[in-house]
Amino acid sequence: MARITAGVATSHVPLLGVAHDQGKERDAYFGPIFAGYDWTRDWEKAEQPDVVILVYNDHASAFDMKIIPTFAIGCGERYRPADEGWGPRPVPDVIGHPDLAWHIAQSLILDEFDMTIINEMDVDHGLTVPLSMMFGKVDAWPVRVIPLAVNVVTYPPPSGNRCWALGEAIARAVASFPEDLNVQVWGTGGMSHQLQGQRAGLINRDWDNRFMDGMIGESDHLRHIPHIEYLRETGSEGIELVMWLIMRGSLGAATRLLHRHYHVPCSNTAIGHIVLAPATPSNGD
Ligand code: DHB
Ligand code: FE
C-alpha cells in the first residue's frame with residue numbers, strides 16, 4: 001500500500017533558484033537561508049521517498065488569464081522547467097508518476113473534487129525551487145513528482161478549509177493505491193510577502209511564526225483563516241500559504257515536528273520551511 005510518511009512546507013522564492021544555479025548558496029546573504037535546509041537535505045537522503053505530491057502554484061508560466069484551474073493535477077510522464085524570462089533553469093526535467101497520478105485524479109474526482117487533469121505543461125519556480133532546496137544539484141531528481149497546481153494568483157483562490165479537505169482526500173487516494181510507495185506531500189509558497197503596490201516588501205514575523213506553530217500538533221483552527229486575514233496580515237502574495245494546508249490536511253488529525261526554519265529577508269520575502277510527520281501512522285484510513 002502507498003503511504004504518506006511526511007509533509008514538507010517551504011517558500012519557493014525564485015531568487016533561491018538563481019542563488020543555487022550560480023553557486024551562491026554559502027555566501028553571506030544566502031548562507032543562513034540554505035543552512036536552514038541542511039537538515040532536510042540529509043533527512044531526504046535517508047528517507048528516499050518514491051513520490052512527492054508537490055503542491056505549488058504556477059506564476060503565469062503554464063497558465064495565464066485564458067485558463068485558471070483552481071486545482072489541477074499533473075498526470076504526465078515528464079515536465080520541463082519553464083522559461084520565466086531568462087531561459088529555463090538548468091535543472092533536470094521533472095519525472096511524473098502517471099499511474100499514481102491517474103489513481104489520485106480518479107479518487108479525488110469520485111470524492112467530489114473537480115480536478116483539472118494536465119498531461120503536458122512546463123513547471124516554474126513554484127515547483128523547481130523547492131526541489132533544488134531539498135535535493136541540491138543533481139543530474140536527475142531522486143523522486144517522481146506529481147505536480148498539484150493551485151490557483152492563488154487570481155481571485156478567488158480556494159479557501160483554506162477546502163485546501164485542507166483536499167489534503168484529506170489526497171490521503172484517502174494514496175492509501176487506496178495498492179503499490180508499496182513512500183509518498184511525501186509538499187506544500188510550497190509564502191510566507192508573508194507582497195511584491196507590488198504601496199505595501200510591497202511587507203513582512204509579518206509574528207503572524208508567520210504563529211502560522212508555523214499552528215501546523216504542529218492539532219491545527220484545526222488554521223482551516224478557518226479567511227482570505228482577508230492572509231491579505232491584511234501577510235500581504236497580497238501571502239495567500240500562497242493556503243497551499244501549506246493541503247499538505248497539512250493530508251497528514252491527519254495531528255502532526256509531529258521534525259524540523260523548522262524561518263528567515264528574513266530573502267528577496268522581498270520572509271521564507272519559512274517546516275518538516276512534519278503524521279502523529280499517528282494510520283492517517284488516510
Ligand atoms: C517572489 C516570487 C514568488 O513567487 C514568491 O512566492 C516569493 C517571492 C519574488 O519574485 O521575489
Ligand atoms: Fe510564489
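For ligands, and for the atoms within them, numbers begin at 1 and follow the listed sequence. In this text the structure is predicted, and so the values were computed from the model without any measurement. We're numbering straight along the sequence, starting at 1.
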Exercise for the section: Check step by step if side chain to side chain contact (heavy atoms under 4.5 Å, CB included) holds for Thr10 and His12. Expected result: CA-CA 6 Å; Thr10 178; His12 60 215; 5.8 Å; no
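Of all protein atoms, those that are N, O or S and lie under 2.8 Å from the Fe ion (ligand 2) total 3.
Between Arg80 and Asp93 there is no salt bridge, since no side-chain nitrogen of the basic residue lies less than 4.0 Å from a carboxylate oxygen of the acidic one.
Between Tyr230 and Trp207, the ring center distance clears the sub-6.0 Å criterion. Aromatic pair Phe135/Trp186: centroids less than 6.0 angstrom apart.
Under the side chain to side chain contact (heavy atoms under 4.5 Å, CB included) test applied with Ile4, the options Val174, Asn182, Leu181 reduce to a single match, Val174.
Without hydrogens or angle criteria, His273 side chain to Ala9 main chain gives a donor-acceptor distance under 3.5 Å. Side-chain atoms of Ser107 do not come within 3.5 Å of backbone N or O of His103 as any donor-acceptor pair.
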Atom pairs and distances, side-chain donor-acceptor, residues 149-161, under 3.5 Å, sequence neighbours left out:
unit_1 : atom_1 : unit_2 : atom_2 : d
Asn151 : OD1    : Val153 : N      : 3.0
Asn151 : OD1    : Thr154 : N      : 3.0
Asn151 : ND2    : Thr154 : O      : 2.8
Ser159 : OG     : Arg162 : N      : 3.0
Asn161 : OD1    : Arg223 : NE     : 2.8
Asn161 : OD1    : Arg223 : NH2    : 3.3

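Pairs passing the side-chain hydrogen bond (donor to acceptor under 3.5 Å, both in side chains) check and including a residue from residues 125-137, sequence neighbours excluded, read Glu25-Lys137, His59-His125, Glu84-His125, Arg89-Thr128, Arg89-Ser132.
Sorted by chain then number, the residues whose non-hydrogen atoms approach ligand 1 to under 4.0 Å are His12, Val13, Pro14, His59, His125, His193, Leu195, Glu240, Ser267, Thr269.
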